[in-house]
Amino acid sequence: MSCLEERLPAEQIDEWLRPTKILIESEKEIKIKVPNDIFIDWIQENYLEDISSALRELGHPKCKVSFLNQAQADQLHPVASGSEDIDAEEGSEKKEAVRLNPKYKFEYFVVGSSNQFAHAASLAVAEAPSASYNPLYLYGPSGLGKTHLLHAIGHRLLESRPDLNICYTTCEEFTNQFINSIRYNKSEAFRGRYRSVDVLLIDDIQFLSGKMQTQEEFFHTFNALFEQQKQIILSSDCAPSEIPKLESRLTSRFNWGLIADIQAPALETRIAILKKKAEAEKVYLQDDVVLYIATKVKTNVRELEGALIKLMAYASLSNRKIDLELAETCLRNYVRDEPSQISCEKIQRFIADHYKIQTKDLLSKNNSKRIAQPRQIAMYLTRQLTNMSLPEIGMAFGNKHHSTVLYSVQKITKKIKESQEYQQMITGFTKSLT
Ligand SMILES: Nc1ncnc2c1ncn2[C@@H]1O[C@H](COP(=O)(O)OP(=O)(O)OP(=O)(O)O)[C@@H](O)[C@H]1O
């Protein structure tokens, strides 16, 4: 790391390299654990050359570097990757430090209609464990805040009830530890540990699917805790009945308490999340930039954050201020989301309906204000909401020159900047279309 510190700016080291961990280091290879796939892409794209030359300087010219996300690291070596092992000597009564992400607190969670219920249920459980809903089962697609809520419950309980023994783990870790406990003859310690907690939070419980022996073990853990009125909180990417190859006695237990789902956030919530994340990063984002990112990434908050991180890094590496132009250049191809379903025709129909004109007027050469203004808005929205290029948009609007499209986009961008009301109107159109 010190070799890299000489080469790279401190902020980049802190942002991208400090959160990594070397798992295996030898003459021939180095395996580095990183927090997620965005890190893998970014580090490979931007720092691999620096890392390789640092290794050359250190006398390891042939050393191969590879990166692992958390799941890959867990598979490689559950203990080394940060998963705790079971220690029989320590005994089950010992209270362990709970590994929670300091950024995943209720204070940093943005509530919108898509997650309101799950948030309220999590808060209720955090304020009165075992008194409200047991188990609490949160489910929804990837990247929508389930882990965040689980950690938030853990944080709140650590603050208000330090006497409680709280355990947060992932289903994968639980499984790995269970397997290790059998391998190393530590089954008693394993059971003692999990059956003596006051609050058990398990993430991604769908990974129990098909693991019959782990399911059996978890069934007994569940029963032991439930009978002692200890709180159980689970997260999953689907409803209990949708987890394949899960024993029916577990499915029915997961249904005993409260089931709350989380859906993809609406545009306003995505905007609020981006603003909150930017604030936390101490970065100022203009409203047009926020709107651009929020319309680009729709179904996954993790990707939304990824887009913001990429934009921040791009601005810092190119020493430029973040504005709409930079965001467009940097994120033009950043569509990890599902492909946009919006077509230029749909936008034209929508705008024509709204302004009570004909779609063919938008394609005509009529430049009266009544037609030109809606046309500019429709061109702007087509640019923002589809992947069409300027010449393609020109063609779709009755063979206009691409400079006309560019002029329209710039004009509407300027109006959005100048007037809050105008910005709200465009946000409203975007929302109706998406
Ligand atoms: N409503 C929200 N407010 C603020 N941040 C959010 C919100 N929802 C999700 N996030 C952020 O999005 C990222 C992904 O969320 P999280 O890891 O909790 O998703 P998940 O649903 O557990 O996904 P997976 O099923 O893939 O584990 C986190 O950084 C989290 O802080």
Side-chain angles (χ1 to χ4, degrees), residues 15-16 19 34-40 42 69-74 99-123 126 136-156 168-175 201-209 233-240 242-243 259-281 283 285 290 293-294 296-312 334 336-338:
E15 185 87 38
W16 294 104
V34 299
N36 54 44
D37 291 343
I38 293 172
F39 272 75
I40 300 188
W42 188 260
N69 62 25
Q70 179 73 48
Q72 292 161 334
D74 277 341
R99 287 170 299 127
L100 298 174
N101 184 329
K103 290 187 180 165
Y104 292 176
K105 292 190 174 175
F106 281 119
E107 289 81 338
Y108 309 130
F109 191 82
V110 176
V111 185
S113 52
S114 59
N115 57 31
Q116 204 166 19
F117 185 49
H119 172 263
S122 304
L123 207 54
L136 171 63
Y137 184 102
L138 304 178
Y139 80 94
S142 178
L144 294 186
K146 301 177 301 287
T147 301
H148 190 132
L149 284 176
L150 252 59
H151 284 226
I153 297 172
H155 280 298
R156 183 61 59 91
Y168 166 85
T169 190
T170 63
C171 185
E172 257 182 310
E173 252 175 44
F174 182 89
T175 308
L201 298 133
I202 301 202
D203 223 344
D204 291 324
I205 200 71
Q206 76 276 4
F207 286 122
L208 279 182
S209 169
I233 302 141
L234 307 169
S235 86
S236 167
D237 67 358
C238 58
E242 289 164 358
I243 302 180
I259 300 194
D261 73 322
I262 303 188
Q263 286 152 13
L267 181 68
E268 289 91 342
T269 314
R270 301 202 296 277
I271 290 177
I273 291 174
L274 275 171
K275 287 191 167 171
K276 193 148 206 154
K277 300 278 173 198
E279 204 181 290
E281 299 289 341
V283 171
L285 288 188
V290 176
I293 306 175
K296 194 106 184 117
V297 186
K298 297 189 201 68
T299 55
N300 186 322
V301 181
R302 186 178 293 121
E303 299 295 354
L304 200 62
E305 280 181 2
L308 176 61
I309 293 174
K310 182 165 183 196
L311 180 58
M312 278 163 27
Y334 190 91
R336 300 194 187 214
D337 241 359
E338 95 281 28

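Only a predicted model underlies this, so the values are computations on that prediction, with no experimental measurement involved. In listed order, ligands and their atoms are each counted from 1.
Distance alone, capped at 3.5 Å, is enough to place a donor-acceptor pair between the Arg270 side chain and the Pro265 backbone. Of the possible donor and acceptor atoms, none in the side chain of His151 sits under 3.5 Å from a partner among the backbone N and O of Lys105.
A search for ring-ring contact (aromatic ring centres under 6.0 Å, His included) contacts involving His155 returns nothing, not counting sequence neighbours.
Listed by chain and number, Tyr104, Tyr108, Phe109, Val110, Asn115, Pro141, Ser142, Gly143, Leu144, Gly145, Lys146, Thr147, His148, Asp204, Ile273, Lys277, Val301, Arg302, Glu305 each place a non-hydrogen atom less than 4.0 angstrom from ligand 1.
Looking at Thr170 and Asp204, their side chains never bring a donor and an acceptor atom within 3.5 Å of each other.
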Donor-acceptor pairs are to be reported for all side-chain atoms of residues 136-145 against protein atoms at under 3.5 Å, with residues two or more places apart or in another chain.
unit_1: Tyr137; atom_1: OH; unit_2: Ser236; atom_2: OG; d: 3.1
unit_1: Tyr137; atom_1: OH; unit_2: Cys238; atom_2: O; d: 2.7
unit_1: Ser142; atom_1: OG; unit_2: Arg302; atom_2: NH1; d: 3.3

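Screening residues 109-121 for side chain to side chain donor-acceptor pair (under 3.5 Å) gives no qualifying pairs among residues at least two apart or on separate chains.
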